[in-house]
Amino acid sequence: MNVAVPYVVGVDVGSSSARAVVLDGDGIIVSSSSARYPSADASVAGKIDPEIWMSGLHAAISGLGAATPVALGIGGFGPCTASASGEAALTFRYPIGDSSNPRDQHAAHAAALQEMFGSDARPVLQWDWIIARLGGRSGIQSVWPGDEPLPEFGDPVPVGA
C-alpha cells in the first residue's frame with residue numbers, strides 16, 4: 001500500500017487477536033489487518049504473557065503494508081492489569097475480583113500480581129504497558145474524563161495525551 005497523504009493507524013489489542021486499520025484524513029478506512037495471538041487459547045484462564053499483545057500488534061500493523069503514520073491510537077480491553085516489568089497480565093477472565101466493578105477488579109489484579117511477583121511488582125493498565133513497550137513514557141496511567149486514577153498505577157494523564 002502506498003498512501004500519499006498523512007494518515008493514522010488505530011489498533012485494537014483484544015483478548016485473542018489484534019486488529020489494525022489505516023484511516024485517511026477524512027476518517028475513511030484505507031486498509032485493515034488482524035492477527036490472532038498464537039498462544040491465546042493455551043493461557044491459564046485470565047493470566048497471560050503480555051508479550052503476545054506485542055507480537056499481535058506488530059503482525060497486525062505489518063499486515064497493513066503502510067509506511068510510518070502521523071499518529072498511532074491504541075485501544076484494548078479491560079479490566080486488564082499487567083505487571084510493569086512484563087512478567088504477566090491478568091485479564092477480566094481471571095477469577096479474582098471478577099464479580100467486582102472494574103476499579104475493584106484492577107485493585108484485586110494488582111494485589112494478585114504483587115503476591116505472585118513480590119511487593120515491587122508495579123501494576124499498569126494494559127494500554128499503558130503497550131505504550132511504554134513501544135517507546136512511550138512509562139510510569140503513567142491513562143485516565144478517562146470523569147474517572148478517578150487508580151492508586152499505584154502510575155502518574156495520571158488524560159486519555160489521548
Side-chain angles (χ1 to χ4, degrees), residues 1 7-24 27 29-98 101-103 105-110 112-113 116-117 121-145 147 149-150 153-161:
M1 180 181 105
Y7 63 93
V8 299
V9 170
V11 182
D12 173 25
V13 180
S15 60
S16 61
S17 64
R19 293 155 298 280
V21 296
V22 173
L23 301 170
D24 68 14
I29 295 175
V30 176
S31 178
S32 65
S33 176
S34 66
R36 185 161 173 74
Y37 309 135
S39 60
D41 295 331
S43 65
V44 175
K47 181 180 176 187
I48 63 170
D49 177 355
E51 287 296 331
I52 68 169
W53 299 328
M54 299 308 295
S55 65
L57 179 141
H58 287 293
I61 290 175
S62 294
L64 296 172
T68 303
V70 296
L72 173 65
I74 297 174
F77 61 95
C80 184
T81 308
S83 60
S85 52
E87 294 97 343
L90 303 179
T91 75
F92 63 94
R93 292 186 178 125
Y94 196 74
I96 191 166
D98 65 352
N101 63 51
R103 184 177 183 80
Q105 194 167 7
H106 277 299
H109 287 170
L113 287 169
M116 289 176 205
F117 303 110
R122 189 173 57 79
V124 294
L125 301 173
Q126 178 205 33
W127 39 81
D128 293 329
W129 184 87
I130 293 167
I131 290 167
R133 291 277 293 134
L134 291 173
R137 189 172 138 209
S138 63
I140 64 163
Q141 174 185 174
S142 301
V143 180
W144 287 96
D147 284 356
L150 295 162
F153 275 68
D155 296 332
V157 297
V159 167

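Residue indices begin at 1 and follow the sequence shown. Owing to the predicted nature of the structure, the values given are computational and were not obtained by experimental measurement.
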Check: R103 side chain, P149 main-chain N or O, donor-acceptor pair, under 3.5 Å |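 Pair found, side chain donor or acceptor close to backbone of P149.
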
Heavy-atom pair with the smallest gap, counting every atom of [X] and [Y]:
X: A88; Y: L113; result: O-CD2, 4.0 Å
X: D49; Y: G86; result: OD1-O, 4.3 Å
X: G14; Y: R19; result: CA-NH2, 3.6 Å
X: Q141; Y: L150; result: OE1-N, 2.6 Å
X: W129; Y: P50; result: CZ3-O, 3.5 Å
X: P79; Y: P102; result: CG-CA, 3.7 Å

Distance (rounded to the nearest 0.5 Å) between [X] [atom1] and [Y] [atom2]:
X: Q105; Y: L90; atom1: CD; atom2: CG; answer: 9.5 Å
X: S138; Y: D155; atom1: OG; atom2: CG; answer: 9.5 Å
X: E51; Y: L57; atom1: CD; atom2: CG; answer: 11.5 Å
X: D147; Y: S142; atom1: CG; atom2: OG; answer: 11.5 Å
X: Y94; Y: C80; atom1: OH; atom2: SG; answer: 13.0 Å
X: W53; Y: S17; atom1: CH2; atom2: OG; answer: 13.5 Å

Can you confirm whether [X] sits close enough to [Y] that some side-chain heavy atom of one is under 4.5 Å from a side-chain heavy atom of the other?
X: M54; Y: L134; answer: yes
X: L23; Y: I29; answer: yes
X: H106; Y: L125; answer: yes
X: V11; Y: I130; answer: no

Using ring-ring contact (aromatic ring centres under 6.0 Å, His included) as the criterion, list what pairs up with H109, not counting sequence neighbours.
->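 Counting only residues at least two positions away or on another chain, H109 forms no ring-ring contact (aromatic ring centres under 6.0 Å, His included).
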
Picking from [options], what satisfies side chain to side chain contact (heavy atoms under 4.5 Å, CB included) with [X]?
X: V8; options: V70, V22, D24; value: V70
X: V21; options: S31, S34, S32; value: S32
X: I74; options: V13, V9, D12; value: V13

